[in-house]
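Numbers here are sequence positions counted from 1.
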Amino acid sequence: MDLMACKRFDEIGMEAVESLFDALDDIAYFVKDREGRYLSINRTMVRRCGVRHKREVIGKTALELFPRALAETYLAQDRKVVDGGAAIDKHLELHIYPGRSRGWCITKKLPLFGKDGRVTGLIGTSQDLGLLDELHPAYRQIAHIAQTISERYQENLSLAALAQEAGLSLSRVERLFQKVFQHSPRQLLLQCRLSAARTLIERDPGARIADIAYECGYTDHSAFSRQFKAYAGMSPTQYAMHVRGG
């Protein structure tokens with residue numbers, strides 16, 4: 001969603017964005033400060049929290065609104081976004097559906113930056129997939145595989161081995177990935193590696209491209225350069241020059 005790509009949230013206006021998301025029944029929208037307190041939410045988020053009014057959520061943290069196990073997961077994600085400035089995209093996780101039953105959602109979170117360039121909080125969405133946890137047990141395994149890929153992308157991962165560990169066939173894993181993420185496990189692995197490479201270049205545009213490629217799980221420098229150009233629209237070297245030039 002184009003709105004989610006905006007880093008300077010104050011350029012749009014919180015009330016306007018909140019009003020837009022109020023019309024979407026299957027997407028929870030939220031803005032949080034650095035401490036994880038809700039600053040803005042839509043009506044779907046209100047229903048997820050099991051309350052009737054936005055004022056019952058604003059100013060509170062996930063620990064005050066959700067079961068502790070889920071809340072601690074959300075807060076750990078928030079810290080990754082706020083402390084590291086890294087976005088979370090298409091993350092499959094359990095959430096509370098309206099009615100307080102547990103179901104599967106796709107979550108996206110982006111850091112928000114102040115005028116001084118520092119992270120001031122985050123903005124996010126969580127889309128209900130309409131899949132109750134107790135009726136779709138395979139999604140726990142899919143979520144675990146996706147989490148493993150996002151955490152261990154630097155390694156030489158075997159997708160077949162991950163599927164076997166989950167007790168699923170590789171073909172079923174690929175079908176479920178396409179249904180949930182609209183891409184394959186391999187595409188998720190490439191996305192994680194290339195996103196990490198972009199972040200490393202932005203942090204240190206003077207770093208050796210070969211070192212960045214190796215750190216992100218590539219042993220073939222030319223393959224990395226080719227895939228990065230397809231991902232970012234320019235080669236790693238060109239992107240580093242772009243970053244240095246502001």
Side-chain angles (χ1 to χ4, degrees), residues 1-6 21 24-30 44-45 48 70 73-74 76-78 80-81 84 86-97 101-111 122-199 216-218 223-224 226-233:
M1 184 173 296
D2 290 342
L3 283 172
M4 294 296 296
C6 296
F21 279 100
L24 303 178
D25 291 333
D26 64 338
I27 296 179
Y29 147 86
F30 49 86
T44 299
M45 192 69 194
R48 276 204 193 171
L70 291 180
T73 299
Y74 306 152
Q77 290 177 1
D78 294 349
K80 179 180 178 180
V81 175
I88 293 175
D89 189 23
K90 290 188 176 180
H91 179 70
L92 178 64
E93 64 181 0
L94 276 175
H95 217 304
I96 301 294
Y97 279 4
S101 60
R102 295 191 183 202
W104 292 99
C105 302
I106 290 289
T107 295
K108 180 183 182 76
K109 295 181 179 180
L110 287 176
L122 63 86
I123 181 173
T125 60
S126 181
Q127 183 176 10
D128 298 341
L129 296 179
L131 302 168
L132 293 176
D133 182 35
E134 62 266 25
L135 299 179
H136 299 273
Y139 283 85
R140 283 185 177 269
Q141 286 94 327
I142 294 300
H144 178 70
I145 291 173
Q147 186 70 20
T148 299
I149 290 173
S150 67
E151 292 176 351
R152 296 169 50 194
Y153 61 84
Q154 308 98 323
E155 302 176 22
N156 184 22
L157 291 176
S158 167
L159 299 176
L162 291 178
Q164 185 175 19
E165 290 173 9
L168 301 171
S169 68
L170 181 57
S171 60
R172 189 177 185 202
V173 168
E174 289 176 338
R175 286 196 302 271
L176 289 172
F177 259 75
Q178 288 290 350
K179 180 177 180 179
V180 173
F181 301 112
Q182 290 80 54
H183 55 226
S184 68
R186 174 169 172 75
Q187 287 172 319
L188 175 62
L189 176 59
L190 291 177
Q191 182 185 68
C192 290
R193 288 176 171 174
L194 294 169
S195 178
R198 183 185 64 186
T199 299
C216 294
Y218 285 91
F224 167 66
R226 188 167 56 251
Q227 291 173 5
F228 189 93
K229 185 172 183 178
Y231 168 77

Mind checking what makes salt bridge (charged side-chain N to carboxylate O under 4.0 Å, His left out) contact with Asp89, not counting sequence neighbours?
->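 Result, salt bridge (charged side-chain N to carboxylate O under 4.0 Å, His left out) vs Asp89: Lys108.
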If you define the side chain from C-beta out and look only at heavy atoms, does anything of [X] sit under 4.5 Å from [Y]?
X      : Y      : value
Leu122 : Phe30  : yes
Ile27  : Thr44  : no
Leu190 : Tyr231 : no
Phe224 : Arg193 : no
Tyr218 : Gln227 : yes
Gln187 : Gln182 : no
Ile142 : Trp104 : no

First locate atom [atom1] of [X], then atom [atom2] of [Y], and finally report the distance between them rounded to the nearest 0.5 Å.
X      : Y      : atom1 : atom2 : answer
Thr73  : His91  : OG1   : NE2   : 7.5 Å
His144 : Leu92  : NE2   : CG    : 13.0 Å
Gln141 : Leu168 : CD    : CG    : 5.0 Å
Glu155 : Leu189 : CD    : CG    : 10.5 Å

Looking at [X], I'd like to know if its [atom1] atom is crowded, meaning that more than 12 non-hydrogen atoms belonging to other residues, nucleotides or ligands lie closer than 6.0 Å.
X      : atom1 : result
Arg172 : CZ    : no
His183 : NE2   : yes
Lys80  : NZ    : no

Do any side-chain atoms of residues 157-166 form donor-acceptor pairs under 3.5 angstrom with protein atoms, and if so which ones, sequence neighbours left out?
unit_1: Ser158; atom_1: OG; unit_2: Ala161; atom_2: N; d: 3.1

What heavy-atom pair brings [X] and [Y] nearest, and what distance separates the two atoms?
X      : Y      : value
Tyr139 : Leu176 : OH-CD2, 3.7 Å
Leu110 : Ala87  : CD2-CB, 3.2 Å
Ala196 : Tyr153 : CB-OH, 3.3 Å
Pro185 : Ile149 : O-CD1, 3.9 Å

Only one of Asp25, Asp128, Asp26 clears salt bridge (Lys or Arg N to Asp or Glu O under 4.0 Å) with Arg48; which?
->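 The single option meeting the salt bridge (Lys or Arg N to Asp or Glu O under 4.0 Å) with Arg48 is Asp128.
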Criterion side chain to side chain contact (heavy atoms under 4.5 Å, CB included) on Thr107 and Thr125, from CA distance to verdict | CA-CA 6 Å; Thr107 295; Thr125 60; over 6 Å; no
Has the side chain of Ser195 got a donor or acceptor atom that lies under 3.5 Å from a matching backbone atom of Cys192?
->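 Not a single qualifying donor-acceptor pair exists.
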